[in-house]
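Keep in mind that the numbers below use all heavy atoms, side chains included, and drop hydrogens, waters and symmetry copies. Each chain gets a letter, A, B and so on, in the order its sequence line appears, and its residues count up from 1.
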Amino acid sequence: MKYDFKQVEPKWQKKWEEAGVFHAQDISDKPKYYNLVEFPYPSGAGMHVGHIKAYSGLEVVSRKRRMQGYNVMFPIGFDAYGLPTENYAIKTGTHPRIVTDRNIEKFTSQLKRVGFSFDWSRVVDTTEESYYRWTQWIFLKMMDHGLVFRDTALVNYCPSCKVVLSNEDSQGGKCDICHSDIVQKSKAVWYLRITEYADKFLEGLETVDYLPNVKQQQVNWIGRSTGAFVNFSLKEIDEKLRIYTTRPDTLFGVTFMVIAPEHPIIEANRDRIRNIDALDAYKEECAKKTEFERTQLVKDKTGVCIDGLTAINPVSGKEIPIYISDYVMMGYGTGAIMAVPAHDERDWAFAKKFGIDIIEVIKGGNIAEGAYTGDGEMVNSDFLNGYTNKKDSIARMLEQLEAEGIGEKGVQYKMKDWAFNRQRYWGEPIPIVHCPHCGIVGVPYEELPLRLPAVENFEPGEGGESPLAKIESFVNCKCPKCGGDAKRETDTMPQWAGSSWYFLRYIDPHNDKALADPEKLKYWLPVDWYNGGMEHVTRHMIYSRFWHKFLYDLGIVPTSEPYAKRTAQGLILGPDGDKMSKSKGNVVDPNDVVDVYGADVLRTYVLFMGDYASAAPWNESSMKGCKRFLDRIGDLVDMISDQSDPKLESAFHKTVKKVSLDIEELKFNTAIASMMDLLNKIYDAGSLTREQLSMLIRIVSPFAPHLAEEMWTDIGGEGFCSLAKWPEWDEAKTVDSTVEVAVQVNGKLRATIALPLNCPKDEAIATAKADPRVAAFVDGKTVIKEISVPNKIVNIVVK
RNA sequence: GCGGGUAUGGCGGAAUUGGCAGACGCGCUAGAUUCAGGUUCUAGUGGGGGCAACUUCGUGGAGGUUCAAGUCCUCUUACCCGCACCA
């Protein structure tokens with residue numbers, strides 16, 4: 001039976017949609033299963049086959065779960081705010097709303113052509129008012145709970161575009177838009193206090209089933225370290241310089257201090273510092289350095305000694321100089337460090353360059369050659385001398401610091417608070433009003449959504465201001481508190497806002513009273529399985545865990561973690577082995593593949609091409625193998641007979657077992673391979689029973705659902721194959737009565753013999769020795785050892 | 001620099017977790033079908049040697065443990081990903 005996929009595939013897609021086959025039931029007696037895939041950013045380029053691979057994994061799991069009797073939710077939506085759309089709008093003068101709608105339409109049609117079993121009644125679009133109203137609502141809740149604050153910080157600024165850029169948009173120190181050099185600029189920005197949840201993120205990781213490397217990356221990203229804060233006294237000034245260190249026990253080796261160029265102590269003591277001009281000049285130089293230069297010049301330390309401020313080592317009482325240098329960051333710890341040149345590579349390089357004393361306090365290295373960062377006995381350290389265990393010496397020093405009131409235990413995180421604004425048009429307006437009397441006031445909840453006003457010019461303003469700043473009717477408003485004249489915040493939320501809670505909205509997408517109904521949230525949460533790209537493991541995953549945990553603390557969601565399980569798929573590379581990109585011209589459009597081969601072949605191929613989690617290059621001729629496979633499956637309808645080869649029966653049960661288990665581990669390539677293997681066996685046998693074919697159709701259906709439905713109809717199956725019962729295997733039938741056992745002599749394969757299942761050891765060895773091919777190597781020699789692993793191998797060791 | 005990972009035929013990749021390396025697919029070779037291209041079918045296909053049965057070498061490299069190593073241990077090389085002056 002060769003069928004015309006061009007006619008058959010749309011036919012079944014229509015039937016599925018009309019019957020609502022893939023609609024999740026809100027509340028049901030069936031067990032629920034919530035599969036989540038990362039919703040796409042609807043770019044103008046449309047989807048490429050990488051999206052198809054990303055969705056095909058849980059698509060197969062979802063289809064299998066439905067057939068196993070679960071009430072499955074497998075939703076899709078669009079993460080539609082973002083720079084590319086806005087840049088396109090600037091270039092062409094088309095409103096981002098129009099561009100977005102057009103792109104969503106294109107993505108939708110592409111996804112539907114592939115026959116994904118998404119619940120299309122639950123589509124969310126982050127740029128719709130009914131959605132971003134709740135994004136703003138959650139933001140205001142965070143503000144109510146003290147998680148929103150404003151601070152002045154260094155930001156990436158493109159002097160050419162006059163735009164503040166995120167780190168993601170300024171990689172390599174170049175502007176993503178015009179490729180000119182980025183400078184660091186001081187600007188007031190909004191922050192979400194995500195660090196408040198740092199320990200909760202770490203604790204939560206113990207309770208979820210994420211891939212080990214996913215967990216590891218999150219742990220590294222959070223970067224928890226324990227150590228101590230120490231307050232250094234300053235000579236002649238009643239002020240302390242506070243530092244953070246992980247090795248307080250090296251305090252006796254401190255010979256100087258370094259503070260970040262932006263450290264406030266400089267401004268506070270301007271008149272006391274005699275070389276303030278030199279410091280200012282250095283500071284300016286640092287601001288000009290691009291990210292690229294800063295990372296390239298790691299080895300070559302620069303800095304200026306502060307003339308006029310001197311610190312005192314709190315344990316030795318020695319006077320030590322203070323430097324400013326850009327190797328100390330304002331954003332980590334306190335923006336100041338105690339330098340221990342003998343045991344820190346950066347401090348060592350700095351001390352060498354500036355001729356500062358280097359005092360050894362841990363024995364074991366040669367500090368004339370370089371810093372020693374290993375363990376060893378403490379020396380030159382007064383009461384710590386003789387300690388050899390790091391833990392003990394740190395504990396002893398902490399005790400001392402706390403007793404004298406000059407320091408205490410402390411914890412630091414690499415993770416920083418979340419800079420939560422962009423000077424851009426195409427994003428959620430931040431619902432805040434600046435009132436000259438009341439200060440910062442949140443927009444009242446009943447006024448949400450705070451609508452994004454229509455504008456004609458989307459270009460950012462001078463000095464990196466949002467395009468919204470030019471809309472007077474938007475900017476000027478009344479203070480919600482006092483009613484006086486006030487101005488609206490004109491920045492918008494960053495790209496990552498809308499995606500931080502979309503999985504909650506799927507549960508109740510049309511609710512206009514709440515972000516979702518509590519009963520429904522209780523039924524559906526947590527997401528049972530979330531699959532996506534490794535690139536989202538730190539940012540998006542942490543951000544959304546943050547929002548979810550916050551909502552949990554408020555009692556809005558019933559689980560402390562949003563995702564019970566997280567896996568990741570590998571990229572599809574271009575046919576040339578490079579990452580697919582428009583500029584390289586190696587992008588494969590799924591529409592082109594569907595046109596020529598059909599959706600079933602595309603779906604099967606993206607899962608067959610290699611290990612699901614690894615990257616693999618696109619290879620069109622290899623895809624032809626999948627087409628052959630499906631064509632040959634289709635032909636089986638003509639091979640039905642009342643009798644079939646008895647050997648096939650166990651092959652069927654083995655295959656059903658393998659496919660069932662492999663799907664659970666995302667091992668689709670071997671699942672498909674085992675079905676191909678079975679198919680070869682069927683062709684060898686020449687016929688199969690209707691019942692066997694029914695089984696095969698059902699296990700093929702998650703991969704090639706259109707073909708499966710068509711064949712299901714042909715063999716008189718009831719209802720939709722997509723909702724038919726997933727076949728079960730009979731474990732007893734997956735084992736053969738005789739097994740092939742390899743026989744080795746001295747570890748080298750000499751023969752294979754057929755033995756009954758679970759043949760006793762003695763018998764197996766005797767049979768093996770009787771084989772002439774084995775006897776040739778054994779006869780006339782002394783047998784030293786005989787090993788027999790049941791059903792696997794016999795090894796005879798001779799001399 | 002830190003963290004994670006990978007390395008198996010001409011190619012993508014398998015290998016029940018220490019037990020017959022190369023499943024499955026692509027490609028290739030020969031043959032059949034075809035006016036021809038494509039399709040389809042049959043047989044073969046890791047390297048060396050041999051007409052053949054067979055034999056020998058073989059999982060980035062060097063050692064080691066074991067009756068037995070792609071798999072475990074030590075050292076080493078190359079590449080990929082994430083973070084990066086994190087005190």
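Taking 90° from 0 as the syn/anti boundary, the base of B/rU17 is oriented syn. The glycosidic torsion of B/rG9 lies within 90° of 0, which places this base in the syn conformation.
Using a 4.0 Å heavy-atom distance criterion, A/Gln744 is classed as a base contact. Using a 4.0 Å heavy-atom criterion, one finds that A/Arg632 contacts the sugar-phosphate atoms exclusively. Backbone-only engagement by A/Thr245 is indicated by non-hydrogen atom pairs under 4.0 Å involving sugar-phosphate atoms exclusively. A/Lys654 comes within 4.0 angstrom of nothing in the nucleic acid, heavy atoms only. Within the 4.0 angstrom heavy-atom criterion, base atoms lie near A/Asn795. A/Phe777 comes within contact range of the sugar-phosphate backbone alone, with a heavy-atom separation under 4.0 Å but no base atom that close. Residue-level contact check: A/Glu786 touches neither bases nor backbone, having no heavy atom under 4.0 Å from any strand. As judged by a 4.0 angstrom heavy-atom cut-off over every strand, A/Val789 is placed among the base-contacting residues. Across all strands shown, A/Ala615 has heavy atoms under 4.0 Å from sugar-phosphate atoms exclusively, and none from any base. Within 4.0 Å (heavy atoms only), A/Asn680 reaches sugar-phosphate atoms of the nucleic acid but no base atom. Looking at heavy-atom distances under 4.0 Å, A/Lys658 makes no contact with the nucleic acid at all.
Atom P of nucleotide B/rA87 and atom CD1 of A/Ile259 are separated by 19 Å, given to the nearest angstrom. One interatomic measurement links the two molecules: NZ of A/Lys681 to C1' of B/rC24, which rounds to 11 Å at whole-angstrom precision. In this entry the distance linking CD of A/Gln217 with P of B/rG3 reads 14 Å, nearest Å. Remark: C1' of B/rU16 and NZ of A/Lys667 are 9 Å apart, rounded to the nearest angstrom. Residue A/Lys352 contributes atom NZ, which lies 20 Å from atom C1' of B/rC85 at whole-angstrom precision. The interatomic distance linking A/Phe229 (CZ) with B/rA87 (C1') rounds to 11 Å, in whole Å. For A/Glu620 and B/rC26, the CD to P distance is 14 Å, given to the nearest whole Å. Rounded to an integer number of Å, the gap from A/Asn220 CG to B/rG1 C1' is 14 Å.
Counting only heavy atoms from C-beta on, A/Val328 has its side chain closest to B/rA87 among B/rG27, B/rG25, B/rA87. The side chain of A/Asp611 sits closest to B/rA14 out of B/rG4, B/rC83, B/rA14. The side chain of A/Ser622 lies closest to B/rC26, out of B/rC83, B/rC20, B/rC26.
A salt bridge is defined here as a Lys NZ or Arg NE, NH1 or NH2 lying under 4.0 Å from an Asp or Glu carboxylate O, and A/Asp4 with A/Lys6 fails to meet this definition. Salt-bridge formation is detected for the pair A/Glu38/A/Arg566: a Lys NZ or Arg NE/NH1/NH2 atom is positioned less than 4.0 Å from an Asp or Glu carboxylate oxygen.
The base of B/rC20 does not come close enough to the side chain of A/Lys792 for any donor and acceptor atom to sit less than 3.5 Å apart.
With hydrogens and angles left out, the side-chain atoms of A/Thr302 and A/Tyr327 include no donor and acceptor closer than 3.5 Å. Counting only N and O atoms by type, the side chains of A/Glu620 and A/Trp618 include no donor and acceptor under 3.5 Å apart.
OP1 or OP2 of B/rU55 lies within a sub-4.0 Å distance of a side-chain N or O belonging to A/Arg750. Contact annotation: A/Arg628 does not reach the phosphate of B/rC24 (side-chain N/O to OP1 or OP2, under 4.0 Å). At the phosphate of B/rA14, OP1 or OP2 sits under 4.0 Å from a side-chain N or O atom of A/Asn669. Contact annotation: A/Tyr244 does not reach the phosphate of B/rA87 (side-chain N/O to OP1 or OP2, under 4.0 Å). Taking only side-chain nitrogens and oxygens, A/Lys785 comes nearer than 4.0 Å to OP1 or OP2 of B/rC67. Residue A/Arg247 places none of its side-chain N or O atoms closer than 4.0 Å to OP1 or OP2 of B/rA87.
Only the C1' atoms considered, B/rG9 is 9 Å distant from B/rG47, to the nearest whole Å.
Residue order along RNA chain B, read from the 5' end via each residue's closest nucleotide, puts A/Val741 first among A/Val741 and A/Lys748.
Note: A/Phe201 and A/Tyr197 have tilted aromatic rings, judged against thresholds of 30 and 60 degrees for the angle between ring planes. Note on ring orientation: taking the six-membered ring where Trp is involved, the planes of A/Tyr543 and A/Trp418 are parallel (angle under 30°, cut-offs 30° and 60°).
The shortest side-chain heavy-atom distance between A/Lys748 and A/Arg750 falls under the 4.5 Å cut-off.
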